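Values reported hereafter were calculated over all heavy atoms of this structure, with side chains retained and with hydrogens, waters and symmetry mates removed. This one's a predicted model, so the numbers in the text were calculated from it and none came from an experiment. Throughout, protein chains are lettered first and strands after them, A, B, ... in sequence-line order, and every chain is numbered starting at 1.
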Protein chains: 2
Amino acid sequence: MQKQETLSKNQKIILDLIEKSDQPLKAYSILFDVKKKGINAPLQVYRALDKLVEIGKIHKIESRNAFIACKNSKCQIAKATVFSICESCEDVTEIHDHKLSEHLRDFKDNKGMKYNKYNLEFFGLCKKCI
Amino acid sequence: MQKQETLSKNQKIILDLIEKSDQPLKAYSILFDVKKKGINAPLQVYRALDKLVEIGKIHKIESRNAFIACKNSKCQIAKATVFSICESCEDVTEIHDHKLSEHLRDFKDNKGMKYNKYNLEFFGLCKKCI
DNA sequence: TTGTTAATTGTTATAATATAACATCATGTA
DNA sequence: TACATGATGTTATATTATAACAATTAACAA
Ligand SMILES: [Zn+2]
Ligand SMILES: [Zn+2]
Ligand SMILES: [Zn+2]
Ligand SMILES: [Zn+2]
């Protein structure tokens, strides 16, 4: 069997929902929203989320246990994510900064570890909340 | 009342345990271990963990829901943490890299957001697991 | 020293997040 | 056809974290 190019039914339903939101959604809030589409169990949501994360369509905001759509059309940065998070209004934005990406991509520790992925979350106050 | 300088009983018990481990511990594993010291409920553990994180004695590894002691004696980097995580053996190491810290500290996005904190997690394979 | 405040503790219950285990169905390949 | 793989559906359960309330302790000021 070939690696699947197209998304499955549940994956599409859940990706659509996440893409409609510009802010991260939590798994159980997704579950609530897709019940009308016949998705009834947490596992169905988590399976779709896992897959979508794996192929880079969405990212998990680890500190918030929430999922946000990747705005980068080619999703080549699925394994190298940077977010800014407002600690007051919880607004989350994905950051694409070339210099920062380069710096992180090239970072080497002194232990000979080989990195294939990173996740960076900045916390602070957005303009509205300052 | 002044800001407390010394740790409370529960905070000490739990910090001792975390400091004895060079790897992150999970809250319920901590709970299991401190039951013999009279700490019986999750909330007692989470309250101590919250405080210890707040004062920079420990850090939370967000992607693992686990807590590790800060090795930096002055804990001035409590709000600016970098970790490397081996995806095979789950070994976690706190990284102190001056250049990287500078770069992250000085990072500005194009939205005028004011950062006071960040957390960076690198994932890969450690030397043993390559 | 007494009243006040804040931090901490103890306790029970419950919320929120995530996975195990197993059966079934659909699709591409030998 | 037979087989392998990925996706689905379902029930139950595991794991992580907080709510709500009462009691206790430590610092401080009048
Ligand atoms: Zn992205
Ligand atoms: Zn904000
Ligand atoms: Zn540290
Ligand atoms: Zn390893």
Respond yes when some side-chain nitrogen or oxygen of [X] is under 4.0 Å from OP1 or OP2 of [N], and no when none is.
X     : N      : value
A:K9  : D:dG9  : yes
B:K26 : D:dT16 : yes
A:N40 : D:dT8  : no
B:K51 : C:dA6  : no
A:N65 : C:dA18 : yes
A:S8  : D:dT8  : yes
A:Y46 : C:dT19 : no

### Query
Across the strands shown, which category fits A:I39 at heavy-atom distances under 4.0 angstrom: base, sugar-phosphate, nothing?
nothing
What is the distance from [atom1] of [X] to [atom2] of [N], rounded to the nearest Å?
X     : N      : atom1 : atom2 : answer
B:L7  : D:dA26 : CG    : P     : 15 Å
B:L15 : C:dT8  : CG    : P     : 14 Å
A:E62 : C:dA18 : CD    : C1'   : 13 Å
B:K60 : D:dT16 : NZ    : C1'   : 8 Å
A:L25 : C:dA18 : CG    : P     : 13 Å
A:F32 : C:dT17 : CZ    : P     : 15 Å
B:R64 : C:dA18 : CZ    : P     : 13 Å
A:I13 : D:dG9  : CD1   : C1'   : 13 Å

### Query
Would you call B:Y28 stacked on D:dT16, i.e. ring centres under 5.5 Å apart with the planes less than 30° off parallel?
yes
### Query
Of all the nucleotides listed (C:dT11, C:dA18, D:dT8), which has the minimum atom distance to the side chain of A:A27?
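Nearest to the side-chain atoms of A:A27, counting from C-beta on, is C:dA18.
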### Message
Checking contacts here: which listed nucleotide (C:dG10, D:dA7, D:dA17) is nearest the side-chain heavy atoms of A:Q11?
### Response
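Out of C:dG10, D:dA7, D:dA17, the nucleotide with an atom closest to A:Q11's side chain is D:dA7.
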Min side-chain heavy-atom separation [X]-[Y] under 4.5 Å:
X      : Y      : result
A:L25  : A:L17  : yes
B:K111 : A:K127 : no
A:I95  : A:F83  : no

### Task
Would you mind telling me which residue lines up with the more 5' stretch of DNA chain C, A:D50 or B:Q44, judged by nearest nucleotide?
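In this pair, the answer is B:Q44.
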### Task
Measure from the side-chain N and O atoms of A:Q44 to the backbone N and O of A:A41, and report whether any donor-acceptor pair falls under 3.5 Å.
yes
### Query
What do the steps show when you test B:E19 against B:K57 for salt bridge (Lys or Arg N to Asp or Glu O under 4.0 Å), and what is the final call?
CA-CA 9 Å; B:E19 282 183 335; B:K57 292 288 189 185; 5.8 Å; no
### Query
Does A:R47 get its side chain close enough to the base of D:dG6, under 3.5 Å, for a donor-acceptor pair?
no
#### Entry: Ion pair check, B:R64 and B:E90, cut-off under 4.0 Å
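Here B:R64 pairs with B:E90 in a salt bridge, since their nearest N and O are under 4.0 Å apart.
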